[in-house]
There are 4 protein chains.
Amino acid sequence: MAQPGRPRSEQARRTILAAAAKLVARNGYGELTMEGIATEAGVSKQTIYRWWSTKAEVVLEAVNEGAAEMAAVPDSGSLADDLRLFLRRTVDATTPVNRRLLASLMAAAQLDDQFAKSFRTGFLASRRRELRGMLARAQERGEIAASVDLDQLVEVVYALLWYRILVQHGPLDRRFGRQVADSVLRLSRAA
Amino acid sequence: MAQPGRPRSEQARRTILAAAAKLVARNGYGELTMEGIATEAGVSKQTIYRWWSTKAEVVLEAVNEGAAEMAAVPDSGSLADDLRLFLRRTVDATTPVNRRLLASLMAAAQLDDQFAKSFRTGFLASRRRELRGMLARAQERGEIAASVDLDQLVEVVYALLWYRILVQHGPLDRRFGRQVADSVLRLSRAA
Amino acid sequence: MAQPGRPRSEQARRTILAAAAKLVARNGYGELTMEGIATEAGVSKQTIYRWWSTKAEVVLEAVNEGAAEMAAVPDSGSLADDLRLFLRRTVDATTPVNRRLLASLMAAAQLDDQFAKSFRTGFLASRRRELRGMLARAQERGEIAASVDLDQLVEVVYALLWYRILVQHGPLDRRFGRQVADSVLRLSRAA
Amino acid sequence: MAQPGRPRSEQARRTILAAAAKLVARNGYGELTMEGIATEAGVSKQTIYRWWSTKAEVVLEAVNEGAAEMAAVPDSGSLADDLRLFLRRTVDATTPVNRRLLASLMAAAQLDDQFAKSFRTGFLASRRRELRGMLARAQERGEIAASVDLDQLVEVVYALLWYRILVQHGPLDRRFGRQVADSVLRLSRAA
DNA sequence: GCGTAAACGAGACGGTACGTCGGGTCTTTAA
DNA sequence: TTAAAGACCCGACGTACCGTCTCGTTTACGC
């Protein structure tokens, strides 16, 4: 059952992810190098390449590691309450460091088709699924007309969030979260 | 009046921008190198570095070069018509090659703070100003209530456009342009 | 005992030295470049810089590599025989290729103080020591008066050899070797 | 008679030679660049290339410029006196700066065959001719036997001088000048 | 407890691109 | 025609990382 040989070092794995996160926070993803991660983590390059093939994958796993709390999608029975709470939690979780990590991942996806695919079908799609489930429950309750396209609503939410993350045209705070929630609620009622 | 010394070669400038655009179209921005641009353009690296300091700046100028037609913002007297036409023109102008170029610039902005600043205050801000002017005229005509925050409407438009450009969750076609226009029109009327 | 990490490639070392020697022979030291050595040897530049810091050092090691036979200083019991044999061997060993290499090293020493030091205290001094040893034995045997300054004799030998190497005012052949030997023998007897 | 156009600037010529000499004295010939000379002299590169093709030629002319006093070869009627005076003047003229310039020229001759030829047939040969003339006069007077090869004597003098210049195994002072003179006098009498 | 076998650190290796420097040429205006 | 200015193409510089490799060493499991 158990394969022979020395087992993977869980500590090395964690040290590498921590080192990557730390370096991105300090110097930005643009300055991040595999060599730098290895040195910072006190690990050989080979140990990194054994388990990840690009630095984007390392960072993606580092982000996933520190994002278990995001999972909780509210379900109070009221669309307005759920949406506002969801967005408040989301903006709360997006600290400056996290913002930088997320922006880096989106950038990496533009430069590497391979990574783009895994980023879209993994990270992004799972986030979208959660939100869509919340809206679908509201539609079943009759809070949203059956004619409304839920995917468009989901798109508006994440478009606004990502635009803020990437362009930094304004703060990613609770006030912004409320504005997004209100816009989507209005769109969910119209037409 | 005329300064001494050999004048800058306008041809070299154009060849470099064309080479950069061509290489991004062919292999993507991630594969783009200053060395490659120089070779493709038949130009020395020094000539590139004399006028631009990063490849992102070269690509940005290449994009600006081929985007004079975007400038035309419609002004028919009807918000709905203007908005729909503006978005139709925008999605029409965003060919796959242009999409790739724009995505690259946004990625580069995430990796290089220096470039991020010039990208935001130059390229992005000028685009936003144009659209805001259109909406302001509609507000003066009374088509949009004085209480509505125009910046939020502008944000929705560009957020949706950029999200499509970056995530490619669906096609950037005229149908998508109409959906965006309709969403914004609804938000402009609400509350 | 054994240090960790991949051991240095002895083959790479030898290939580099051979490439350097070959290129100097073909195009002269003035045309020699680190890039050229790397290409010729099929080696990365980094591998060269890891072990040598200038091309002069590479060439110096290449010369030392192919000069084990020089070491044999004769000791027959007769100063005249020893000196003549030593100079014959020396001029015999100084093939046109070797002449070019030696001239290059002396030139490099004029352009780079760092290298000059290692060249003088290493290469040149060891050659001088050997010859001086030979003369010292003759002095002990009484063939040279105790009052004679051996260093001056050594200086005459190498001055004449190097002048021929650098100025090429005449051939570096056995006839020349005999002339040098005779001059020094005469000086060793005088006053 | 007078050709048309702007005449050559004698001042530019002198400024260039002075700049070259100054830069070699300050940083050594290895650091010397055409660009540096132009900047130091406040002259355009083209102006240098119009009159000289390599930096070695510039330095050679700079050396010749500042070496009119060397020309005086003594002629007292006594070989010993003449030789000692000649060598005293020579070592006196070889200041540290001049030593560096001469060493540079010899180095340049090893790296550039073109320059080597002009250096040998011009600079070196003319020096040798002067000394040989002095020895020839002594031979006519009977101070040197007719069987003695004067070229060998000349060779010994310049070999010893150049060896000191290039290897710096000891000081280039009057004491050294006397030693050289004595050695040559001894060789002129022997056999 | 001993051998097999994978993981680990270290670090050298062949590469590619970096951004800079200087070479020698060319193209302009001014003297 | 010469000169200053400065842009141009070119090639080499020395460095940084890439991803791979070859070592000696460590740590588990199955015999």
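As a basis for the values below, the full set of heavy atoms in this structure was taken, side chains included, without hydrogen atoms, waters or symmetry mates. Here the structure is a predicted model, which is why all the values come from computation and not from measurement. Below, chains carry the letters A, B, ... as their sequence lines are ordered, and counting in each starts from 1.
- Among the atoms of the strands shown, none is found under 4.0 Å from any heavy atom of C:Gly36.
- For F:dC8, one of the phosphate oxygens OP1 or OP2 lies less than 4.0 angstrom from a side-chain nitrogen or oxygen of B:Arg50.
- Along DNA chain F, the nucleotide nearest C:Pro7 and the nucleotide nearest C:Glu35 are compared for position; the residue whose nucleotide lies closer to the 5' end is C:Glu35.
- Checking side-chain atoms of B:Lys45 against main-chain N and O of B:Met34 turns up no donor-acceptor pair under 3.5 Å.
- Using modelled atom types, one side-chain atom of B:Gln110 and one backbone atom of A:Leu166 make a donor-acceptor pair closer than 3.5 Å.
- For C:Arg8, the side-chain atoms get nearest to E:dC13 when compared with the rest of F:dC8, E:dC13, E:dT25.
- Between C:Thr33 and B:Glu10, it is B:Glu10 whose nearest contact on DNA chain F lies nearer the 5' terminus.
- Ion pairing between C:Arg13 and C:Glu65 holds under the 4.0 Å rule for side-chain N and carboxylate O.
- One interatomic measurement links the two molecules: CD of B:Glu31 to P of F:dC18, which rounds to 15 Å at whole-angstrom precision.
- One can place CD1 of D:Ile37 at 14 Å from C1' of E:dG24, the figure rounded to the nearest angstrom.
- One finds a side-chain N or O of D:Thr47 lying less than 4.0 angstrom from the OP1 or OP2 phosphate oxygen of F:dA4.
- Of the candidate nucleotides F:dA4, F:dC10, E:dA10, F:dC10 has the atom nearest to the side chain of B:Ser44.
- A donor-acceptor contact under 3.5 angstrom links the side-chain atoms of D:Arg6 to the base of F:dT2.
- A cation-pi geometry, defined here as NZ or CZ lying under 6.0 Å from the six-membered ring centre and within 45° of its normal, holds between C:Arg8 and C:Trp51.
- Heavy-atom neighbours of D:Gln11 CD from other residues, nucleotides or ligands within 6.0 Å: at or below the threshold of 12.
- For B:Lys45 against E:dG19, a side-chain N or O and a base N or O form a donor-acceptor pair under 3.5 Å.
- What separates OH of A:Tyr49 from C1' of F:dT22 is a distance of 17 Å, to the nearest Å.
- Note: CD (B:Gln3) to P (E:dT27) measures 17 Å, nearest angstrom.
- Protein atom CG of C:Leu111 is 15 Å distant from nucleotide atom P of F:dC13, rounded to whole Å.
- Remark: C1' of F:dC8 and CD of B:Gln11 are 12 Å apart, rounded to the nearest angstrom.
- Separating the CH2 atom of C:Trp52 from the C1' atom of E:dA12 is a distance of 13 Å, rounded to the nearest angstrom.
- Backbone-only engagement by D:Ser9 is indicated by non-hydrogen atom pairs under 4.0 Å involving sugar-phosphate atoms exclusively.
- In this structure, CH2 of D:Trp51 is placed 18 Å from C1' of E:dG24, rounded to the nearest angstrom.
- With DNA chain E read from its 5' end, the first of the two nearest nucleotides for B:Lys55 and D:Gln46 is the one closest to B:Lys55.
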